[in-house]
Every structure is written in structure tokens, then in C-alpha cells.
Protein chains: 2
Amino acid sequence: MKTYQEAIQQIRARGYRLTRARQGVLKLLWKKRKPLAASDMQDLLAKQGIIVNKTTVYRELEFLAQEKHIEEVRLHDGRRYYECVSSHHHHLICVTCKSIDDVILENEFEREERQIEREAGFKVLNHSLEFFGVCAQCQ
Amino acid sequence: MKTYQEAIQQIRARGYRLTRARQGVLKLLWKKRKPLAASDMQDLLAKQGIIVNKTTVYRELEFLAQEKHIEEVRLHDGRRYYECVSSHHHHLICVTCKSIDDVILENEFEREERQIEREAGFKVLNHSLEFFGVCAQCQ
DNA sequence: TTGACAGATGCAACACAGTTGCGTTAGTAT
DNA sequence: ATACTAACGCAACTGTGTTGCATCTGTCAA
């Protein structure tokens, strides 16, 4: 639920610079509101005249994730995706058109996680849940 | 819940061959009962004298998954894992020692999936849930 | 036992995501 | 304007997974 402006301010407050790549990546994720992978972002930035090396994109994403401005997401195609921080949600992934939508569930496994900690002695830190299927457009 | 012998019989019944690599991979997955990645299996096979090319391992895994003798699993490190078929379960992944354990939940989101289909028009085919945390040994 | 068919294999070369070292560039504060 | 150092570009590299093609081998039938 952080805004683009808040992220910018926090970056400056911590003594980091506002480079074209940094602003570009942030703006992209806040505008699209969808998980994007590094090469997608490099292409999208290039279209708006921001030509950056792929190494820069990877390092920028690592930096922004470390600073908690964005979050890494894995969607089971082997690539790393990133999205802007928002309330905890899960993804609906269309196996046909690959589109990604968010979904917020009421049940967030608090009971199940307690059961796991009790029965397996496993301390749950976080979880990951994705639904695969066919979106409304592709049916 | 398929046994190793059943898998072997089904493979022969469908006219496919029983090669060293094929038997080796199957035996490994039935013995370990844990998700294994291609390169892990190549190493484990080599230790028991079964030297196979990585291409063979990848093709074997694809074949066995297609024939429904094994299942592909993604564990968010970007690699493809495979495990022998058993009842529907989820994974507990230790962020410290990377060990993987199974967990079976009572709630399998039938209600949530119906909600998703009703509200988003998204037809759910399957889902994927993993828990990340610290296992009993690593605490 | 042998021969032959086709499934299975090895090899080399490739594709792609992501990483590393290092010299250079460019935001920012003074 | 200057200097400090965060950030960048480049080239080379790692690891996972894929492809084309020539070769090999499990299986079955004669």
C-alpha cells in the first residue's frame, strides 16, 4: 500500500540516488500493478527511451526488493517476477494467455500454520499460493 | 499412490522400453520420496554406476511426467523438481537447510476456488501452495 | 540366435535467466 | 565547480534446460 512518492522519498532519505533506471522501474511497477520480469522491464523501459543494461535492471530489482519497495514473486515458469508492495494476495495465472490477476482470500491458513508448527515442529515464516486455470477472456 | 512395480508394468504395457536410465530415475524417486531436480538425479545415478547424459535425464523426466508416473514440482528456486505420484500434498521448505517435507491439509480451498470462479470468472484447474520457514532441526 | 524396427541415447551447440569483476560514469552534497 | 561514491556498462561467465542429428540398444518376431 506504499505510494510511488513515498518510495521515492524513502530512497532519498536513506541517501540513495534517484537515477533514470530507478525511477523508470518503480514507475513501471506502480503503473502496471502486475508482476513483471527483468527482461520485460528492460524492453518496456527501452520503449520509453530509457536504455539500460540488463545487469542494471537485475541490480536495481535486487536493491528495490532489499529496501522493501517491491516484492519478488515466483510464478512457476522459472523466472523471477517483481511487483509493487500491496496487501497480501495471491495470483490467478491463465495457462492459455499467461495473464496474471490478483485475488485476496479470507482464509490465510493461520489455523493450518499453527497445526504445522505444532505437529511438524516447522516454524512457518511465509507461504506462497497460486491458482492455475483459464481466465474469463480465454473461456 | 502408484507403486514402482505398477509404473514399470504400465510402461511395458504401453510399448516403451525399460532402460537403465528409466529404471534408475524411477527407483530413485520411489526410494527418496522427496522432490529431486535433474542434476541431483544425474549425480545420484552416477554414484551407483549409472552414467547418463544430462539430456537423457531431462528427456526421461519429461517422458515419465507425461505418462503420469511422476509429477513436476516448482519450489521457487527456479529449478524443476520431480516426485513420485502420491496423494495431494504441499511442501514445507526450510530456508536454512533447504530440506523439503510433505504436509497434507484438510482445507483444500474448494470454497475459495468456487468463489474465484464465481467472482472473477476464472476456471481453476489446479493450485500450488508452499510454506517457507525453519524446520525442527534448524531451530 | 539373429535381424530389424523404433525408442532411447550421447554429443555438441544453443537459448535464456541471472551473476561477477572491474573500470567508468554521473547523482548529490558541499 | 568539485569530490565522493552510488550506480552503470561491458564482457565474460554459471547453471538450467533445449534441440538436431547421428548412433546405439531394448524388444519382439522369425
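Order of the sequence lines sets the chain letters (A, B, ...), proteins ahead of strands, with each chain counted from 1. As the structure is a computational prediction, the values presented were derived from the model and not from experiment.
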Interatomic distance where [atom1] belongs to [X] and [atom2] belongs to [N] [whole Å]:
{"X": "Leu45(B)", "N": "dT9(C)", "atom1": "CG", "atom2": "P", "result": "11 Å"}
{"X": "Arg20(A)", "N": "dT25(C)", "atom1": "CZ", "atom2": "P", "result": "16 Å"}
{"X": "Met41(B)", "N": "dG17(D)", "atom1": "CE", "atom2": "P", "result": "10 Å"}
{"X": "Ile50(A)", "N": "dC8(D)", "atom1": "CD1", "atom2": "P", "result": "11 Å"}
{"X": "Asp40(A)", "N": "dA17(C)", "atom1": "CG", "atom2": "C1'", "result": "12 Å"}
{"X": "Phe63(A)", "N": "dT19(C)", "atom1": "CZ", "atom2": "C1'", "result": "19 Å"}
{"X": "Asp43(B)", "N": "dT16(D)", "atom1": "CG", "atom2": "P", "result": "10 Å"}
{"X": "Arg22(B)", "N": "dT27(D)", "atom1": "CZ", "atom2": "P", "result": "10 Å"}

Subject >> Residue met sooner reading DNA chain D from 5', once Asn53(A) and Tyr58(B) are mapped to nucleotides >> reply: Asn53(A)
Subject >> First of Tyr16(B) and Tyr81(B) reached from the 5' end of DNA chain D, by closest nucleotide >> reply: Tyr81(B)
Original post:
Is Tyr58(B) reachable from Leu28(B) through a run of I, L, V, M, F, W or Y residues, each pair having side-chain heavy atoms under 4.5 Å apart?
Top reply: no
Original post:
Are Leu18(A) and Val25(A) connected, step by step, through hydrophobic side chains (Ile, Leu, Val, Met, Phe, Trp, Tyr) whose heavy atoms are closer than 4.5 Å?
Top reply: yes
Just to confirm, is there a sub-4.0 Å distance from OP1 or OP2 of [N] to any side-chain nitrogen or oxygen of [X]?
{"X": "Thr19(A)", "N": "dC8(D)", "result": "yes"}
{"X": "Arg80(B)", "N": "dT18(D)", "result": "yes"}
{"X": "Arg17(B)", "N": "dT27(D)", "result": "no"}
{"X": "Thr56(A)", "N": "dG9(D)", "result": "yes"}

**OP:** Answer yes if the side chains of His127(B) and Glu130(A) hold a donor-acceptor pair under 3.5 Å, and no otherwise.
**Re:** no
Subject >> 5′-ward residue of the pair Arg74(A)/Leu18(A) relative to DNA chain C >> reply: Arg74(A)
Original post:
Among dA13(C), dA8(C), dG18(C), which nucleotide sits nearest the side chain of Lys54(B)?
Top reply: dA13(C)
**OP:** Please tell me which of the listed nucleotides, dT16(D), dG10(C), dT19(C), lies nearest to the side chain of Val52(B)?
**Re:** dG10(C)
Check every strand shown and say whether [X] touches a base, only sugar-phosphate, or nothing at a heavy-atom separation below 4.0 Å.
{"X": "Arg12(A)", "answer": "sugar-phosphate"}
{"X": "Ala37(A)", "answer": "nothing"}
{"X": "Ile51(B)", "answer": "sugar-phosphate"}

Subject >> Row check, Tyr81(B) ring normal vs Arg74(B) NZ/CZ: under 6.0 Å, within 45° >> reply: no
Subject >> Qualifying residues under salt bridge (Lys or Arg N to Asp or Glu O under 4.0 Å), relative to Arg118(B), sequence neighbours excluded >> reply: none
Original post:
Checking only heavy atoms, does the side chain of Arg59(B) share a donor-acceptor pair with the base of dG10(C) at less than 3.5 Å?
Top reply: yes
Subject >> Other residues, nucleotides, ligands: >12 heavy atoms within 6.0 Å of Glu106(B) CD >> reply: no
